[in-house]
Chemist: 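Can you read through this structure? Questions will come right after.
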Amino acid sequence: MTLLLSLALAATVEVRAGEPLRPALARLGPGDTLRLGPGRHRGGLGKVSGVTVEGSGAAATVVEAGEDEPAATVAGDVSLRGLTLAAGPIRCGLAVQSGTARVRDAALTGGACGAFVEGGRLDAGKVTLTGGLYGLLVGGGQAALDGATLRGEAAGAAMTRGAMHLARTVVTGPAREAAVSVSGGTATLDEVVVADPGPSGIAVLGGKLEGREVTVSGPREAGGLRGDCLLSIRGQVRLRDSMLLRCGGLAGEVAGGFLRLESVYFEGGREGGIALTRGARAELEDVVAAGSGPALVVEGTSSARIAASRWLAEPALQVDCAGGARVTLAGGSLPEPCPQGPAPTP
């Protein structure tokens, strides 16, 4: 009964372009809807909670915040749809502090980032996020995007902690750091395309990343980075049914941590295919290695287990056997890279 009464009492406040936003925002109560007409609406939405804000389409309705504020700050359950939220040169289009921001058919842009999630949850579909630094920045909480396009001058999507799930999403570059950068928390990629990313396609620096049907294509050397499709330093990375294409330096550079590739096609760049260093561990199953060799480099105390894979690059393996590197072969035609010699005669 309480829910039905709330729905019955919910109001819709309409604002045409050019009319002030603040008086309309002050009239909103829980469950109310703010309907913005086509055109440019000057001034941000401020801190919103428990309301719906809808426009006439992302290309038609634009909310422009002042220089020193996000276009909207979410501090409770909010629905945003059919509009563009644009912030100034040092802010983000949308900031999520708590609650759940449900965003549909929208564009988020700002000089710092398109959207910043520091708490709560961002649930977005059919959105475009563009930022002077990051398209999407996750510093806590959760972000789940489906059908998104992301671009940022530093990274399309970056996460320092929390959880990030990107589905049916395109991340475009070029970016100064990486198209997708994970330095903490857990990232899940599902049917994601990383195109023209800059010096790195995906960079995992201590966090965790799992991907299915991920395509990384076209990183190139810039800013001292050599254009690896995948860079992982003490990270945990698992990819399956994926492709690493047109890699500039290496298909994958893994320093410490763990890598699992299952049903993955990769092309080695100028430096070769996958390089394991600093005690990295890797499992490669049903992979196809093409492009420049060596297809797999295992250095120091790093180790790899290989099963049911094809090696079209030459040489296939380069293993630092004397340094303690080890490769375990489970089937396939590759010769044992570190054959054990005969036992010493007493």
Chemist: Check whether any side-chain heavy atom of V53 sits under 4.5 Å from a side-chain heavy atom of L36, and report yes or no.
Modeler: yes
Chemist: Give the cluster check for Y265 versus L239: same hydrophobic cluster or not, with ILVMFWY residues linked at side-chain heavy-atom distances below 4.5 Å.
Modeler: no
Chemist: With salt bridge (charged side-chain N to carboxylate O under 4.0 Å, His left out) as the test, would you mind laying out the steps for E210 and K208 before giving the verdict?
Modeler: CA-CA 7 Å; E210 296 190 4; K208 298 180 181 179; over 6 Å; no
Chemist: Begin with the C-alpha distance, continue with both residues' side-chain angles, and end with the deciding distance and a verdict on side-chain contact (heavy atoms from CB on, under 4.5 Å) for L296 and I306.
Modeler: CA-CA 10 Å; L296 177 65; I306 303 171; 3.6 Å; yes
Chemist: Does any part of the side chain of T172, heavy atoms only, come nearer than 4.5 Å to the side chain of D196, both counted from C-beta?
Modeler: no
Chemist: Nearest 0.5 Å please: distance from the CZ atom of R220 over to the SG atom of C247.
Modeler: 13.5 Å
Chemist: Give me the atom names and distance for the closest heavy-atom approach of P38 to S56.
Modeler: CD-OG, 3.4 Å
Chemist: From L230 CG over to L261 CG, what is the distance, rounded to the nearest 0.5 angstrom?
Modeler: 7.5 Å
Chemist: Between E14 and R35, is a salt bridge (charged side-chain N to carboxylate O under 4.0 Å, His left out) present by the stated rule, with each step listed?
Modeler: CA-CA 5 Å; E14 298 191 4; R35 185 169 295 155; 3.4 Å; yes
Chemist: Here's a test for you: under side-chain contact (heavy atoms from CB on, under 4.5 Å), which of V103, T109, V127 qualifies with L94?
Modeler: V103
Chemist: What's the shortest heavy-atom distance between D228 and E253, and which atoms?
Modeler: OD2-OE1, 2.8 Å
Chemist: Could you report the tightest heavy-atom contact between A87 and C92, atom names first, then the distance?
Modeler: CB-O, 3.2 Å
Chemist: Atom CD of E118 and atom OG1 of T160: how far apart are they, to the nearest 0.5 Å?
Modeler: 10.5 Å
Chemist: So that I can tick it off, tell me whether E285 and R260 are bridged by a salt bridge, with the cut-off set at under 4.0 angstrom between side-chain N and carboxylate O.
Modeler: yes
Chemist: I want to check something: taking the side chain as every heavy atom from C-beta on, are Q142 and D123 in contact at a cut-off of under 4.5 Å?
Modeler: no
Chemist: In sequence, state the C-alpha distance, the side-chain angles, and the governing distance for T277 and V297, and then conclude on side-chain contact (heavy atoms from CB on, under 4.5 Å).
Modeler: CA-CA 8 Å; T277 65; V297 176; over 6 Å; no
Chemist: Show the nearest heavy-atom pair for residues D190 and H165, with the distance to one decimal.
Modeler: CB-NE2, 3.9 Å
Chemist: Check whether any side-chain heavy atom of R91 sits under 4.5 Å from a side-chain heavy atom of F116, and report yes or no.
Modeler: no
Chemist: Compare every heavy atom of A65 with every heavy atom of A71, then report the nearest pair and how far apart it is.
Modeler: CA-CB, 3.5 Å
Chemist: Which heavy atom of L276 sits nearest to which heavy atom of A304, and what is that distance?
Modeler: CD1-CB, 3.9 Å
Chemist: Would you say that V254 contacts V237 through its side chain, given a criterion of any heavy-atom pair below 4.5 Å between the two side chains?
Modeler: no
Chemist: For the CZ atom on R161, are there more than 12 heavy atoms of other groups (residues, nucleotides or ligands in this structure) within a distance under 6.0 Å?
Modeler: no
Chemist: May I ask you to check whether over 12 heavy atoms, not counting those of R22, lie within 6.0 Å of atom CZ?
Modeler: yes
Chemist: Is the CZ atom of R104 crowded by more than 12 outside heavy atoms at less than 6.0 Å?
Modeler: yes
Chemist: Give, for atom CD of E262 and atom CZ of R212, the distance between the pair rounded to the nearest 0.5 Å.
Modeler: 12.0 Å
Chemist: Checking side-chain polar atoms at under 3.5 Å, does S217 have a donor or acceptor matched by the opposite partner on R246?
Modeler: yes
Chemist: Near R310 CZ, under 6.0 Å, is it more than 12 heavy atoms from other residues, nucleotides or ligands?
Modeler: no
Chemist: Between L133 and C113, does a side-chain contact (heavy atoms from CB on, under 4.5 Å) hold up when you go through it step by step?
Modeler: CA-CA 6 Å; L133 292 175; C113 64; 5.8 Å; no
Chemist: With a 4.5 Å limit on heavy-atom distance, are the side chains of L45 and L85 in contact?
Modeler: yes
Chemist: Indicate whether any N or O donor in one side chain lies under 3.5 Å from an N or O acceptor in the other, for T149 and R151.
Modeler: no
Chemist: How long is the gap from CG on L244 to CD on E267, to the nearest 0.5 Å?
Modeler: 9.0 Å
Chemist: Roughly how far, to the nearest 0.5 Å, is CD of E191 from OG1 of T215?
Modeler: 10.0 Å
